[in-house]
Novice: 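The structure under discussion is supplied below as structure tokens; questions concerning it will follow.
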Amino acid sequence: MSANAAAARGGRSTGADDGPRLRTRRFVELVMTLLAVGIAMGAYAMVHLARDGELPASLPAYTGGLLLLALVAHLAVRRFAPYADPVILPAVILLNGLGLVLIHRLDLTEADEAIAAGETVARGDAPLQLTWTAVGVALFVVVLVVVRDHRMLQRSTYTIGALGLAMLLLPLVPGLGTEVNGSRLWIRFAGLSFQPGEVAKLALIIFFSGYLVVHRDALALAGKRFLGLDLPRARDLGPILLAWLASLGVLVFQRDLGSSLLFFGIFVVLLYVATERPSWLIYGFVLFFGGAYFAYTQFGHVRDRVTIWLDSAGSLATGRAFDLETSFQVVQSLYGLAAGGLIGTGLSEGHPEFVPFASTDFIISALGEELGLTGLMAVLVLYAIIVERGLRAALLVRDGFGKLLAAGLAASLALQVFVVVGGVTSLIPLTGLTTPFLSYGGSSLIANWALVALLLRISHAARRPAPSITPAASDEMTQVVKL
Amino acid sequence: MNKPLRRVALACLLLFGLLLLNANYVQFVRADNVNNDAGNRRLLLEEYSRERGPILVAGQPVALSMPAEGDLEYLRRYTNGPLYAPVTGYYSFIFGADGIEREAREVLAGTDDRLFVDRVANLLSGDPEEGGSVVLTLNADAQQAAWEGLQGQVGAVTALNPQTGAILAMASNPSYDPNVLSSHDATAILAAWTQLTEDPARPMLNRSLRETYPPGSTFKIITAAAALSTGDYDAETEVYAPDELDLPLTEAVLPNQGGASCSGNEQISIRDALRISCNTAFGNLGLELGADVLREQAERFGFNTTVDVPMTSAESVFPTDLNEPQSAQSAIGQFDVRATPLQMAMVAAGIANDGVVMKPYLVQETRAPDLTPLSTTEPEELSEAVTPEVAAQMQSMLVTVVEEGTGQNAQIEGVTVGGKTGTAQTEPGRPPYAWFVAFAPAEDPQVAVAVLIEEASVAPNDISGGRLAAPIARSVMEAVLGR
């Protein structure tokens, strides 16, 4: 027992009757965390070196701050999820740090322009993003502490589901919700804006996973045949279909089509993984295209987005002149990316401020412009690594709920990055989704930190050595076995 | 659930792969295209922060960048602006670039792919980035002679090296000073641009390259060449030369210049017909040879195609679908035949070069900032217009024109000069165009030149190729030959 306790504390197990010594790899994580902080702070220094020719006075303070947050997160993992994958946290810290640097860099240009125009300089977004990062790390620690075992969440599946749905509906409550850029996604409370949709996404993934793991067998069996397809019984399919339709409906009503796409995708993936029936993928495709067509014909702003996409992708492929009037945002984003070329213009040397919403929707363009194709590919691979590690945790963890939850979280990240980067690079139409960890935006940031906490929790469960059973010292018939 | 999980992992991999491919597509494959898009200001801003490379003629810069105060760090200055403007073009912050400034943009800006290593070296050493230089083929003395000859008249001069195709002079009058467009004062630039583009004299037009005119009697070179090439005629063959040529299918007649008579017995050798520029003889030759033969010969000299010097020339035209009267008129370079001065210089050059027309080019060589050559233009054969035997006869006949005929104003002491005058009718009430094409020395040709006078300040009756254009051709040839 003492050996187990020692293992749980993250040290090396010493007992002779334990299983093979499993390294927790926290040292690797520490090294990579320091590297991540170093890269982020190096970028910060470069922004100022390029602008002013000297290191910024605030460098030690910001380095200290980011280092502190990173170490807090790392120590939390060491203490509460010691067997978790060592790569995920450093990758997240690096992304978050890079996002901070880019947002700061954009702030500086905005300040320059304000000074040139004789206006007052706004405070800038970076300090607020840093605050939200701290909140995110705090939430990360809280989730790690509170959720000692991910299977706890399974017990409250329906509650969490209801909460998720409620959070989705909150912005529609008059007085609480506000309309921004044509969609009702935000609530204002005590002077702070919050996007509950991001947290609702997490809750709904937990709900889907919890429900599916229980009903997977029923859903995998054939119920009725409908149009030559096997459908499960309505009793089994009903509740989840309702929940899914409800969330989609709300999102469509809120005109947040990016999130609708995301939810739909996650749900189909989870159904497929849970039931192991590829037919769900086919249904999903059909429904997706049907829904997309419906949206296209019914919603003007969907048509607009598709037109913009076809126009800019067409110009890109054929060499026809870009139409700035129709597709201003995407075209400016493409200009920025192309200007970056292979190695980028260098931090502070490009013109990401030409792209509207550079700090939120188009942060990837700013990154691609200043850090080049190599930088963009590196960041994409970072995301891919996080997704891959999440899916690996799903593969390794032993219980079905954990598998589904990890898969859902990882897939949501993959889909979100695909939709955002695809939109910005004119691969698919633009949506309003945020870029996880990079974009300016508190709700998205803290929700993603919570997501990572859950992933690490599951990863810990996946990589934790199977608890060994120490034989009881006494000869009694019944023995107390402590796991 | 592991099997579908692995498939999901593969799908996520594919999604990221798509993103990476697309990023490569935007930032590498299509980057140049996007960067050069008309609406893209980033590249321009980039270029203005670097020292743009010079354009050199005979070792001296005619366009160079000088450090400047203010936002734009370098100012583009032109020495002898109007003299070289048709070739250098302009380089303007608002209006982009034209001429060599545009065609050699990437070398001058230092962004050419071949300068990648230099850029990296500069990056590491911290040296300021600069562009490469472009060395032109122009002969400074010839250009000056052409320019001085054109003063007070509207017209153009093009001079080539017949053996290589290198362009020795390309002048156009009236011209403009590109310095007014390359300044940093936006209001001044706009005012200058408006004034230049609205000037009815069209000072920004490169008449040598981009404007076509009826070549008039200079086209008789091609008609004679066509006749000799059939093998049925040689220089001394007597052909029918009435006082007035009856044009079949019409009531009209083709007269000689000033109603003169070419011959007492209505027969004249081709040599003499060229010497005195007899319209009726060549009109009749046109009827006998037929439009197709004429067109084919013209095309072998370069008609009906464009040529990139590197700027793209206008297309010199010999029409298709000509009936007989039109063929007769076309044979003397009227009706709808149109040629650029460059094209006519190519005709003279082809004859001088034993029948081989060389591809004309302006850029001798491009160099990296450290003066190592990036590219050197090798002379290239464009076509074999006539056999060397025919060329020899043509040369001899054209020498007769200068020694004894209408081209005596182009004689140079001690040098065998060949040439042909042209006085092309334009519209009723409008004075004719005056042409002169020539080459020298006949035995080892160093220069071929075409001079066109569009408007002169002399009485219309006094306008003739021999009187106005030939002296300019002589001074240009003298400049090239060093006399």
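Proteins get letters first, then strands, A, B, ... in listed order; numbering begins at 1 in each. Treat the numbers as computed from the prediction; the structure is a model and nothing was measured. Side-chain atoms are counted along with the backbone in the values below, which use heavy atoms only and exclude waters and symmetry mates.
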Novice: So which of A/L395, A/T425, A/L380 has the largest heavy-atom pair count under 4.5 angstrom toward chain B?
Specialist: A/L395
Novice: Determine the option with the most heavy-atom pairs under 4.5 angstrom with chain A, choosing from B/N33, B/V26, B/N35.
Specialist: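 Between B/N33, B/V26, B/N35, the count favours B/N35.
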Novice: Take B/W193 and B/Y176, measure what ring pair (Phe, Tyr, Trp, His ring centres under 6.0 Å) needs, and give me the verdict at the end.
Specialist: CA-CA 11 Å; B/W193 179 267; B/Y176 69 103; 9.0 Å; no
Novice: On the six-membered ring of B/Y74, is B/R52 placed so that its NZ or CZ lies under 6.0 angstrom from the centre and within 45° of the ring axis?
Specialist: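 Verdict for B/Y74: no cation-pi partner in B/R52.
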Novice: Determine the option with the most heavy-atom pairs under 4.5 angstrom with chain B, choosing from A/L391, A/V421, A/L337.
Specialist: A/L337
Novice: For A/D85, run the side chain to side chain donor-acceptor pair (under 3.5 Å) check against A/R389, A/R463, A/R392 and tell me which one passes.
Specialist: A/R389
Novice: Considering only heavy atoms and a distance below 4.5 Å, find which of A/P278, A/A317, A/S315 pairs most often with chain B.
Specialist: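 Counting heavy-atom pairs under 4.5 Å, the top option is A/A317.
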Novice: Taking the inter-plane angle between the rings of A/H150 and A/F401 on a 0 to 90° scale, is it parallel (under 30°), tilted (30 to 60°) or perpendicular (over 60°)?
Specialist: parallel
Novice: With a 4.5 angstrom heavy-atom cut-off, which part of B/N24 approaches chain A: side chain, backbone, both or neither?
Specialist: both
Novice: Between A/V424 and chain B, with a heavy-atom cut-off of 4.5 Å, which part of the residue counts as in contact: side chain, backbone, both or neither?
Specialist: neither
Novice: Given a strict heavy-atom distance threshold of 4.5 Å, which part of A/T374 is in contact with chain B: side chain, backbone, both, or neither?
Specialist: neither
Novice: So which of A/G422, A/A406, A/G372 has the largest heavy-atom pair count under 4.5 angstrom toward chain B?
Specialist: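 Result: the option with the highest number of such pairs is A/G372.
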Novice: What residue in A/G350, A/A394, A/G390 has the most heavy-atom pairs under 4.5 Å with chain B?
Specialist: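 Ranked by heavy-atom pairs under 4.5 Å with chain B, first place is A/A394.
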Novice: Is B/E103 salt-bridged to B/R105, going by a charged N under 4.0 Å from an acidic O?
Specialist: no
Novice: Checking A/E388 against chain B: side chain, backbone, both or neither under 4.5 Å from a heavy atom?
Specialist: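 Contact with chain B involves no heavy atom of A/E388 at all.
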Novice: Any ion pair linking A/R51 and A/D112 (charged N to carboxylate O, less than 4.0 Å)?
Specialist: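 Result for this pair is yes, salt bridge flagged.
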Novice: Could you check A/F208 against A/F267 for side chain to side chain contact (heavy atoms under 4.5 Å, CB included), going step by step and ending with a plain yes or no?
Specialist: CA-CA 7 Å; A/F208 287 158; A/F267 179 62; 4.0 Å; yes
Novice: Name the region of A/L376, side chain, backbone, both or neither, that has any atom closer than 4.5 Å to a heavy atom of chain B.
Specialist: side chain
Novice: For B/L19 and A/F418: C-alpha separation, side-chain torsions, deciding distance, then whether side chain to side chain contact (heavy atoms under 4.5 Å, CB included) applies.
Specialist: CA-CA 7 Å; B/L19 286 180; A/F418 180 74; 3.6 Å; yes
Novice: Given heavy-atom pairs under 4.5 angstrom as the criterion, report whether the side chain, backbone, both or neither of A/E349 touches chain B.
Specialist: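 For A/E349, the backbone is the part near chain B, not the side chain.
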